[in-house]
Enquirer: 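The following block contains the structure, expressed as structure tokens.
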4 protein chains.
Amino acid sequence: MSTTEKRHIDPERALVRRKQVLDAAAACFGRSGFHGASMAEISKAAGMSAGHIYNYFDSKDAIIAAFVEQNVERVSQLMRDLEQQADPLQSMVDDAPRHVNEHLDPNTWPLALEISAESARNPKIAEVVHDADVRARLQFRAILKAARERHGLPTDDFTMDGLVEAMICLFQGLDVRVVHNPKLNEPALSRYMSIAMKAMLFS
Amino acid sequence: MSTTEKRHIDPERALVRRKQVLDAAAACFGRSGFHGASMAEISKAAGMSAGHIYNYFDSKDAIIAAFVEQNVERVSQLMRDLEQQADPLQSMVDDAPRHVNEHLDPNTWPLALEISAESARNPKIAEVVHDADVRARLQFRAILKAARERHGLPTDDFTMDGLVEAMICLFQGLDVRVVHNPKLNEPALSRYMSIAMKAMLFS
Amino acid sequence: MSTTEKRHIDPERALVRRKQVLDAAAACFGRSGFHGASMAEISKAAGMSAGHIYNYFDSKDAIIAAFVEQNVERVSQLMRDLEQQADPLQSMVDDAPRHVNEHLDPNTWPLALEISAESARNPKIAEVVHDADVRARLQFRAILKAARERHGLPTDDFTMDGLVEAMICLFQGLDVRVVHNPKLNEPALSRYMSIAMKAMLFS
Amino acid sequence: MSTTEKRHIDPERALVRRKQVLDAAAACFGRSGFHGASMAEISKAAGMSAGHIYNYFDSKDAIIAAFVEQNVERVSQLMRDLEQQADPLQSMVDDAPRHVNEHLDPNTWPLALEISAESARNPKIAEVVHDADVRARLQFRAILKAARERHGLPTDDFTMDGLVEAMICLFQGLDVRVVHNPKLNEPALSRYMSIAMKAMLFS
DNA sequence: CATGAATGAGGATTCATTCAT
DNA sequence: GATGAATGAATCCTCATTCAT
């Protein structure tokens, strides 16, 4: 649950070490998946002995959990960025190409599916993922609600529930799409993403 | 590449046996994931010895591949159903609640994410998945194209590329959504799915 | 708890295999102790792969438990032998040299202390050992009681409690003695064992 | 063989440190056994870093050896106490309940079996234990011999060999008994211990 | 065809020990 | 003196795969 697990004399160094491990894990997980990546592989990538990793993480599962937690936090940042926009609704419609491009970048989010799949059968991971999803939805909902009020659009619960879910659904679908069709026509997809989003956000 | 079939005295019986294994695998994969399911688990579920499975499949990976191949075909059936509709475009908009409901049912399709995740790192699986995606896109595209022509809507390549990708994207996102938020507001989501689809299909 | 843990087609063969493992374990445990003996060591001694042992035992602890259980049952046999004697009391006094000799034989009971020590800190083993001790005490008590009644000696609970415990104590002390003084004067010890036993049994 | 002392700037302080470690080890060994106790556990209990312990002991085995050596000396003290008695023979018979009680107290001597078991397989420990046993026997023998002479009882070698071994045997059996039957009837056992001891000491 | 006994490589994890600071 | 970060060998255990029957 808590992020900092073990006591260390020099917490600064410990954090660096933890980050080393998580970065190494990211690479290995991307290459081999959570279960395909061995501790030996991770330790080599982290430049530290396998045994030593256990001074920073209780188990391989703890590494996976920490990795998921860390990655899942990235969404919050996206929300904060969105919040800064003058008109978040119009920004989203206009920035669709950029968002699509970011989502399709195989180096940024190759692990979204791994996380989702793992969460479907690992309760520990599911908890982390669900918590993060709750937070993201609340943030997103608040931003959308404020923006829609300014536009004089309805903001009742049913409306907001559907809007938030469908919008996120559209974006999360991107991670699946790029795996199924790595050569997809990005501009064309972006254009239709904009169309869908515009229809939803402004109705 | 294509499933390597082994020589058997009675090919009929062999097919039955293969199906037994694949059905068992489906159950085990759903419970434990591709890597979490052991051959022992599968063989018990298949009612046949672990060793004997190797008379029908070269390896566990071959079972996974065959399983993916078989399940990925499922989409074709959906396409054929859609083709039968008088007005496919309107049907899709109207049937959104049903489609959403089916996608969200954890008993129907719990393995979509597992397959996608595996395909992201296993080239053998990737090939199967990509091939299936190509076929599904072509079918879907043809259906949409014919329908849009009847509605007098544009059907140029760029338009069709974007429409097909975005529509599939929306549906594939559902598999992710339900894992991240198992308690999502289904009617609300369906309504916004309809809105998005209507905007895309008729523009 | 139950002795037979796993299902096998040929229970006969399985029993042989289990015995192979337990015999090998006996040798290794004697050489290196419960914790010093590795599964690799045991598997080599058993003439079977380490992995295969797990088809017959759930864990190393299960091997230890089975080993303890098996060895602890030996006491029952001693009781049955004793029961056959015409005058158990006099037999025990007279047979002291033989019993001492058996207890001191480093090949028969080198592991009694290992078992006792393990039971002092492993609850699973403690349970097995305590159960066996209860059974042995009850058997021994019944035999002594019947014999003492025939001799017209008191058999009240306090008397029987003390007699049983003190007699067993004397014998279990032998296992410790031989470790602390492997060259002890056996006939001399036997004689004093007889003296002590005679005093207790007939008073 | 004899404890290898390391050179230290302040030998006084070094001794204090060694004692810290041995006291900590006593607690840990009692809790987890010699092999179950880790250096980390011991170092935490000793309030000193794991690495630092190696300035005072060559290895974990050296700690075990030192611990055994230290604890094995305890018996000498008992002998000295016994020597002070006016009539050691009668004292032993009369004090049986107290001795039994002390032996059965799990806080006083929980490690006797651990030491005996270790000595059965670790030659280094065996040597320490054998030496201590020799010394204890000699002391005990001398005390008994003097007392028996005063009572006009025989004191030939064979007699003394048997008496000494059987008496120690009876007491060492207590450590085993209490592990096998923690709820044993202490007063009843004491009474029969007295009976046995009286018979041996005065015959 | 069918079994499941058997293998052995590879997995995560632990822990005594070393060493730079 | 004293620390604890770091190592790496060893441990228990799992599991895909083979093969005699």
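Only heavy atoms go into these numbers, but all of them, side chains included; no hydrogens, no water, no symmetry mates. Chain letters run A, B, ... following the sequence lines, proteins first, then strands; residues in each count from 1.
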Enquirer: Check whether any side-chain heavy atom of Phe67(A) sits under 4.5 Å from a side-chain heavy atom of Asp23(A), and report yes or no.
Expert: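 Of all side-chain heavy-atom pairs linking Asp23(A) with Phe67(A), none is under 4.5 Å.
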
Enquirer: Using atom types as modelled and distance alone, determine if a side-chain donor or acceptor of Arg18(B) lies under 3.5 Å from a backbone N or O of Tyr56(B).
Expert: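 The answer is yes, because a donor-acceptor pair under 3.5 Å joins these two groups.
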
Enquirer: If only side-chain N and O atoms of His8(A) are considered, is one of them under 4.0 Å from the OP1 or OP2 phosphate oxygen of dA5(F)?
Expert: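 Yes, His8(A) has a side-chain N/O under 4.0 Å of OP1/OP2 on dA5(F).
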
Enquirer: Between Arg17(C) and dA6(E), is there a side-chain N or O to OP1/OP2 distance below 4.0 Å?
Expert: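 For Arg17(C), the contact criterion (side-chain N or O under 4.0 Å from OP1 or OP2 of dA6(E)) is met.
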
Enquirer: Any sub-3.5 Å donor-acceptor pair from His8(A)'s side-chain atoms to Asn55(A)'s backbone N or O?
Expert: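 Indeed, once roles are kept as given, a pair shorter than 3.5 Å links the two residues.
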
Enquirer: Is there side-chain contact between Ile53(C) and Met48(C), with at least one heavy-atom pair below 4.5 Å?
Expert: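 Sidechains of Met48(C) and Ile53(C): in contact.
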
Enquirer: Toward the 5' end of DNA chain F, which comes first, Lys60(B) or Asp10(A), by nearest nucleotide?
Expert: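 Nearest nucleotide further toward 5': that of Asp10(A).
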
Enquirer: Using a cut-off of strictly less than 4.0 Å, decide whether Ser49(A) has a side-chain nitrogen or oxygen near OP1 or OP2 of dT7(F).
Expert: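 Affirmative; the distance criterion is met.
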
Enquirer: Are Glu118(A) and Arg121(A) ion-paired here, with the side-chain N under 4.0 Å from a carboxylate O?
Expert: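 Looking at Glu118(A) and Arg121(A), the cut-off is met.
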
Enquirer: Give the rounded distance in Å between these two atoms: CG of Asn55(A) and P of dT14(E).
Expert: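 Whole-Å distance recorded here is 11 Å.
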
Enquirer: Within residues 26-45 of chain D, find the residues that approach DNA chain F with a heavy atom at under 4.0 Å, and present them sorted by residue number.
Expert: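 Those residues: none at all.
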
Enquirer: What integer distance in Å separates Gln20(D):CD from dA2(F):P?
Expert: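 From Gln20(D) CD to dA2(F) P: 9 Å.
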
Enquirer: Is a side-chain N or O of Ser32(C) found less than 3.5 angstrom from the main chain of Phe29(C), in a donor-acceptor match?
Expert: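 Flag not set: sc Ser32(C) to bb Phe29(C) has no pair under 3.5 Å.
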
Enquirer: May I ask you to verify if any side-chain N or O of Tyr56(D) is less than 4.0 angstrom from the OP1 or OP2 atom of dA2(F)?
Expert: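 Affirmative; the distance criterion is met.
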
Enquirer: His130(A) side chain to Val179(B) main-chain N or O, any donor-acceptor pair under 3.5 Å?
Expert: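 Yes; at least one donor-acceptor contact below 3.5 Å.
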
Enquirer: Return yes if some donor-acceptor pair links the side-chain N/O of Lys60(A) with the main-chain N/O of Ala37(A) below 3.5 Å, else return no.
Expert: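 A pair under 3.5 Å: yes.
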
Enquirer: Can you tell me the distance, in whole Å, between the NE2 atom of His52(C) and the C1' atom of dC19(F)?
Expert: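 It is 13 Å, rounded to the nearest whole Å.
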
Enquirer: Dot-bracket for DNA chain F, please, read 5' to 3', with Watson-Crick or G-U wobble pairs under 3.5 Å on both distances, ( ) within the strand, [ ] crossing, | other strand, . unpaired.
Expert: .||||||||||||||||||||

Enquirer: To the nearest angstrom, how far is Met48(A) atom CE from dG4(F) atom P?
Expert: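 From Met48(A) CE to dG4(F) P: 18 Å.
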
Enquirer: Rounding to an integer number of Å, can you tell me how far Ile53(C) CD1 sits from dG8(E) P?
Expert: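 Distance, rounded to whole Å: 13 Å.
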
Enquirer: Is any side-chain heavy atom of Phe57(A) closer than 4.5 Å to one of Leu22(A)?
Expert: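 Result yes, sub-4.5 Å side-chain heavy-atom pair found.
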
Enquirer: Find which nucleotide of DNA chain F each of Gly47(D) and Ala50(C) is nearest to by heavy atoms, and output the residue with the more 5' nucleotide.
Expert: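 Per heavy-atom nearest nucleotide, the more 5' residue is Gly47(D).
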
Enquirer: To the nearest angstrom, how far is Ile64(A) atom CD1 from dA12(E) atom P?
Expert: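 Going from Ile64(A) (CD1) to dA12(E) (P), I get 9 Å.
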
Enquirer: Figure out the OH/P separation between Tyr54(A) and dG11(E), and round it to whole Å.
Expert: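 Taking atom P of dG11(E) as the reference, OH of Tyr54(A) is at 12 Å.
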
Enquirer: According to a strict under-4.0 Å criterion, is Arg13(A) in side-chain N/O contact with OP1 or OP2 of dA6(F)?
Expert: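 So the side-chain polar atoms of Arg13(A) do come within 4.0 Å of the phosphate oxygens OP1 or OP2 of dA6(F), strictly under.
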
